[in-house]
Colleague: 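Sharing a structure with you now.
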Amino acid sequence: MAKTVALMGAGGKMGMRIARNLLESDRYMPLFVEPSDSGRANLATLGKKATEEDEALKRADSVILALPDTLLGPVSQQVVPRVKPGCQMITLDPAAAHAGVLATRPDITLFVTHPCHPPLWNDEEGDA
């Protein structure tokens, strides 16, 4: 069964990268949340339309915050109270989580990752 993923900021630079990856897998049912006209135009290039935020948050098993770093705190304050119990919230900025600006709730999971950051531990094998 596909997991429903609400991608906040879906029409932005990182959002579009993530959107393309989500669309390549049948493991996810992506819901694209994008308030800006330019972001909605970007989604149209993928043949997709934005989902209203309330609807996406109501249905989401996971929420990805693909947003500018300065918006993560305020947006998380609005999003976290509205997601269903057991939801997983994913952000791309480890600094926001470390600084404690992200809203939390004991019944949801916060996961931080970023596809462009190098690993913290250099456990690669072979020549760099």
Colleague: Just jot down the side chain to side chain contact (heavy atoms under 4.5 Å, CB included) partners of V33, sequence neighbours excluded, or say none.
Modeller: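 Partners of V33 by the side chain to side chain contact (heavy atoms under 4.5 Å, CB included) criterion, ordered by chain and then number, come out as M8, E53, A56.
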Colleague: Among pairs that include at least one residue of residues 35-45, which meet salt bridge (Lys or Arg N to Asp or Glu O under 4.0 Å), considering only residues two or more places apart or in two chains?
Modeller: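 Pairs touching residues 35-45 that pass the test: R40-E52.
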Colleague: Applying salt bridge (Lys or Arg N to Asp or Glu O under 4.0 Å) as the test, list every pair that has at least one member in residues 41-51; sequence neighbours left out.
Modeller: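 Qualifying pairs: none.
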Colleague: Using the side chain to side chain contact (heavy atoms under 4.5 Å, CB included) rule, pick out the option among V80, L31, V83, T51 that qualifies with L57.
Modeller: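 Among V80, L31, V83, T51, the one that satisfies the side chain to side chain contact (heavy atoms under 4.5 Å, CB included) with L57 is V83.
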Colleague: Are V5 and I18 packed together at the side-chain level, in the sense that at least one heavy-atom pair is separated by less than 4.5 angstrom?
Modeller: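 Answer no - side chains too far apart.
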Colleague: Just grab all the side chain to side chain donor-acceptor pair (under 3.5 Å) pairs involving residues 56-68, residues at least two apart or on different chains.
Modeller: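 Passing the test, one end in residues 56-68: D61-K84, S62-Q88.
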Colleague: Enumerate the salt bridge (Lys or Arg N to Asp or Glu O under 4.0 Å) contacts for residues 4-16, please, sequence neighbours excluded, ordered by first and then second residue.
Modeller: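 Found none.
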Colleague: Report the residues that fulfil side chain to side chain contact (heavy atoms under 4.5 Å, CB included) with A10, sequence neighbours left out, ordered by chain and then residue number.
Modeller: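 Expected list: L7, F32, L43.
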Colleague: Please name all residues satisfying salt bridge (charged side-chain N to carboxylate O under 4.0 Å, His left out) with R105, sequence neighbours left out, ordered by chain then number.
Modeller: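 With neighbours one apart ignored, the set is D107.
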Colleague: Go through the structure and list residues passing side chain to side chain contact (heavy atoms under 4.5 Å, CB included) with A96, not counting sequence neighbours.
Modeller: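 Result, side chain to side chain contact (heavy atoms under 4.5 Å, CB included) vs A96: L72, D93, V101, L102.
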Colleague: Table please: side-chain donor-acceptor pairs of residues 21-29 below 3.5 Å, with sequence neighbours left out.
Modeller:
| from | atom 1 | to | atom 2 | distance (Å) |
| --- | --- | --- | --- | --- |
| N21 | ND2 | R17 | O | 3.4 |
| S25 | OG | R27 | N | 3.0 |

Colleague: Name all residues meeting the side chain to side chain contact (heavy atoms under 4.5 Å, CB included) criterion together with P74; count only those two or more places apart in sequence or in a different chain, and write none if there are none.
Modeller: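 Side chain to side chain contact (heavy atoms under 4.5 Å, CB included) check on P74 returns nothing, list empty.
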Colleague: Write out all pairs satisfying salt bridge (Lys or Arg N to Asp or Glu O under 4.0 Å) with one or both partners inside residues 62-81, taking only residues at least two apart or from two chains.
Modeller: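 For residues 62-81, and leaving out neighbouring residues, there are no salt bridge (Lys or Arg N to Asp or Glu O under 4.0 Å) pairs at all.
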Colleague: Starting at OG1 of T45, measure out to CE of M16 and round the result to the nearest 0.5 Å.
Modeller: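 It is 3.5 Å, given to the nearest 0.5 Å.
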